[in-house]
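Let me begin by presenting the structure, written as structure tokens, before commenting on it.
In this text, all values refer to a predicted model and were calculated from it rather than measured experimentally. Whatever order the structure lists them in is the order used to number ligands and atoms, beginning at 1.
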Amino acid sequence: MIGAVDIGGTKIAVGIVDDSGKVLSRMESPTDPDRYSEGIEMIARMLRNTATIASVELTGIGIGSTGPVDSIRGEFGDVDFLPGWRGKSPVRDLAEIFNVRVALENDADAAALAEAGWGGGRNRSRLIYVTVGTGIGGGIVLDGKLYRGVDGAHPEIGHQVLDPFGPPCSCGLRGCWESLAAGPAMVAWLESHTPADYPHREGITARRICELAQQGDAVALQAVEHEGFYLGLGLANLISLFTPDAIVLSGSVMKSAPLFLDRIRAVIRSGCRFVPAEKTALTLASLGEDTNLIGAARVWHYRFGDSA
Ligand SMILES: [Zn+2]
């Protein structure tokens, strides 16, 4: 049984996942961004506890982590929100503690591998996984292999520029897909397009905007229209660049996918004329809330198991 570790900026989820991708036990805890050694001890404790709850013995550990990671060396890269974890190797440390093989990937790549192996992307040889939440990330799986860039780098599909005069982004450019279509961008758009007396303004979230749109709120419907347009543009670019068999959509914003899909499809139809865009299936992620945790386990299978 594989121990799965999903490391996010605010919380760490740990669980036991069987070899069909089923989560047998899980627990989670907040991340301490500064103290790595306590973090790794906490992960080890949670791995032992979840293994005990599931009555299994750990035979390997897979890790999916937010931010840049060096999956080949098994180290954290320059993760902005985990400054104390930079350069540390959870792969080496957990292998020493548990005496099993450990593998690490970027969390979006991990989720892409899970959807490709156990989820909505099965039997699709060219698959792009896209997650839209507080940011936009993704992973590309071609003929069962995770696409890696130079020196193993993870490509950042959320930082494709859609509007060079758009909102500034932490990557250095303006108008990235993420800065125009992630959840916070929906909120920013609504805030700059509503009068001060708009009744739902205070503390509004992307999720609330989607709820209001479902109830017919005119401004929220415009925000959804705007969101669908920019989601569609980014996806159209991915289709033109990769002509994949399928794009699997995930993340908190995509929980409201039915609100956006017509607009997304219309944008793709209006462009992408030189590729068979109608053959690219747009599907929703099928592994649910635990996609990232299941993905972490899949990382181990991908590296060391029969599926490698
Ligand atoms: Zn950017």
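- Counted within 6.0 Å of CZ on Arg263, heavy atoms from surrounding residues, nucleotides or ligands total more than 12; the atom is thus considered enclosed.
- The side chain to side chain contact (heavy atoms under 4.5 Å, CB included) test with Ser65 is passed by exactly one of Val5, Leu104, Val299: Leu104.
- Of all protein atoms, those of element N, O or S that lie under 2.8 Å from the Zn ion (ligand 1) number 4.
- Among residue pairs with one or both ends in residues 266-289, those qualifying as salt bridge (Lys or Arg N to Asp or Glu O under 4.0 Å) are Lys255-Glu289; sequence neighbours excluded.
- Looking at Glu105 and Arg148, a side-chain N of the basic residue comes within less than 4.0 Å of a carboxylate O on the acidic one, giving a salt bridge.
- A cation-pi arrangement is absent between Arg86 and Phe76, since the terminal nitrogen or guanidinium carbon is not both under 6.0 Å from the aromatic centre and inside a 45° cone about the axis.
- In plain terms, the two heavy atoms of Pro244 and Ile128 that are nearest each other are CG-CD1, 3.9 Å.
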